[in-house]
Amino acid sequence: EKGGHDYFMLKEIQEQPAGVADTLIGHYAGGRIILDEQRLADQELREFDKVFVVACGSSYHAGLLAKYAIEHWTRLPVEVELASEFRYRDPVLDRSTLVVAISQSGETADTLEAVRHAKEQKARVLAICNTNGAQIPRESDAVLYTRTGPEIGVASTKAFLAQITANYLVGLALAQARGTKYPDEVAREFAQLESMPKLVAQVLESGDRVREIARRFAHVPTVLFLGRHVGYPVALEGALKLKELAYMHAEGFAAGELKHGPIALIEDGLPVFVVMPSAKGRAVLHSKLLSNIREIQARGARTIVIAEDGDDTVRPFADHLIEIPSAPTLYQPLLSTVPLQIFAAEVAQARGYDVDKPRNLAKSVTVE
Ligand code: F6R
C-alpha cells in the first residue's frame, strides 16, 4: 500500500506528477477553464472587484502563490490571509468580494469559520479542496477540486502541488470571465500547466542528491530558507516541512528582508537554502539573490542553492547546488518545492522520526 516506500508521505511525494496532471483533468474543455461546481452566475464571476484568499498552514503557502497569478492575470487586487486571523479582524467584504478558501481536508475549523464569516458579509466563496463533499465545499458558491487522491501522510506534499495547480486554474477562470486574458492566452497557460508533471518527475529523479545533502545536515540545530517573489512562499513551505517533520528550528524569509534583521542570525556553518529565481525570467531579482548568497557565504553560511539547470552564475556561491528544470516564473514553485520536501523527509528519517505521523499534529484540524 505504500508502493514499496517506508512511509506514505514518501509515496505521496513521488505521486506529485500524477497529482498535478489529475488536477488538470476535466478543468479545460472547449477552450474554457471549467470549475467543478458553480452556484453563482457568470456575471458575478466577471464583476468581483477584490479577492481574499484564506487558508491555514501549507494551504496558506499555496494561497500566497495564488496572489501572484491572480493579480497578474486578472488585475484584481488579492489579499492572502491566515484563516485564523481573517475571521477575527472585521475584513472589508461585500457581494463583489470573492473569497477563495483553500483546504485539503475541507474540514479545517478556522477555514470553515472564515468561509461562514465571509458569507454572512455577503461575499461569495470559491473552495479549492481535495475531499469530495467536505464541509467547506458544501458551504461554498463554487468549487474546484484538486484531484490528487487521499493524502495519508500528515504533512501536506502532493496536496500542496495540486493546490498551486488549482489556484492557477482559478486565476485563469477569473481572467477568462473578466476578459483580461484572451482564449489563446488561457490555452497557452493551460498547456504550460500540462507540461509541468513531466518536469516535476525530473526533479524527483534527482532525489538522491537531495537526500545526500540532507544526511549531511541532519543534526544541525537550525536551517534558514530564503526566496523572493514566488520563491518566498516556497521558502516558507520548506521551513514548515522541516519544523513539522524533523522538529528542527527552521525559518523562511523574503531575501530582501535579510538586511533588515535576519542576517544577524548568519554564523559559521549555518545551512541556508536559497531558492533562485529564473535568470532569464527575473534577471533583476536573480542578481539581487546572487548578492544575498555572496553576503551570507562571506559570513560563513553553508549555502544550498536551488537553481535552474544551466544557471552557472550561482556555482561559485553554492556549497551545494540542486538543479531544477527551467520553467516560467509562476510555475517554478511546482518544481522548487519538491527538493525541500525530500530534504525534510530525509532529515526526519535520519533523526529516526515517523514522517507519516509527526508528533503533536493531526491531519485535519477540526478544532480551533
Ligand atoms: C502542513 C500541513 C498543514 C495543513 C493545514 C491546513 O504540512 O499539512 O499545515 O496544510 O492544517 O489543512 P487543510 O488544507 O486540510 O485545511
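No experiment lies behind these values; they were computed from the predicted model shown. In each ligand, atom 1 is the first atom listed, and ligand 1 is the first ligand listed.
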Which residues share a ring-ring contact (aromatic ring centres under 6.0 Å, His included) with F190, sequence neighbours left out: Y28

Inter- and intrachain pairs under side-chain hydrogen bond (donor to acceptor under 3.5 Å, both in side chains), touching residues 160-187, at least two apart: S59-Q163

Salt bridge (Lys or Arg N to Asp or Glu O under 4.0 Å) contacts in which one or both residues fall within residues 9-20, not counting sequence neighbours: K11-E15, E15-K158

Under-4.0 Å salt bridge between R299 and D268: no

Check: F86 ring centre within less than 6.0 Å of F52 ring centre: yes

Dump the pairs for me: ligand 1 N or O, protein N or O, distance under 3.5 Å, to 0.1 Å.
{"unit_1": "ligand 1", "atom_1": "7 (O)", "unit_2": "S58", "atom_2": "OG", "d": "3.3"}
{"unit_1": "ligand 1", "atom_1": "7 (O)", "unit_2": "S156", "atom_2": "N", "d": "2.8"}
{"unit_1": "ligand 1", "atom_1": "7 (O)", "unit_2": "K241", "atom_2": "NZ", "d": "2.9"}
{"unit_1": "ligand 1", "atom_1": "7 (O)", "unit_2": "E244", "atom_2": "OE1", "d": "3.2"}
{"unit_1": "ligand 1", "atom_1": "7 (O)", "unit_2": "E244", "atom_2": "OE2", "d": "2.5"}
{"unit_1": "ligand 1", "atom_1": "8 (O)", "unit_2": "V154", "atom_2": "O", "d": "3.4"}
{"unit_1": "ligand 1", "atom_1": "8 (O)", "unit_2": "S156", "atom_2": "N", "d": "3.2"}
{"unit_1": "ligand 1", "atom_1": "9 (O)", "unit_2": "S58", "atom_2": "N", "d": "3.2"}
{"unit_1": "ligand 1", "atom_1": "10 (O)", "unit_2": "S58", "atom_2": "N", "d": "3.1"}
{"unit_1": "ligand 1", "atom_1": "14 (O)", "unit_2": "S59", "atom_2": "OG", "d": "2.6"}
{"unit_1": "ligand 1", "atom_1": "14 (O)", "unit_2": "Q104", "atom_2": "N", "d": "2.6"}
{"unit_1": "ligand 1", "atom_1": "15 (O)", "unit_2": "S103", "atom_2": "OG", "d": "3.4"}
{"unit_1": "ligand 1", "atom_1": "15 (O)", "unit_2": "Q104", "atom_2": "N", "d": "3.4"}
{"unit_1": "ligand 1", "atom_1": "15 (O)", "unit_2": "S105", "atom_2": "N", "d": "2.8"}
{"unit_1": "ligand 1", "atom_1": "15 (O)", "unit_2": "S105", "atom_2": "OG", "d": "2.7"}
{"unit_1": "ligand 1", "atom_1": "15 (O)", "unit_2": "T108", "atom_2": "OG1", "d": "3.4"}
{"unit_1": "ligand 1", "atom_1": "16 (O)", "unit_2": "S103", "atom_2": "OG", "d": "2.6"}
{"unit_1": "ligand 1", "atom_1": "16 (O)", "unit_2": "T108", "atom_2": "OG1", "d": "2.5"}

Within-4.5 Å side-chain heavy-atom neighbours: S58 and E237: yes

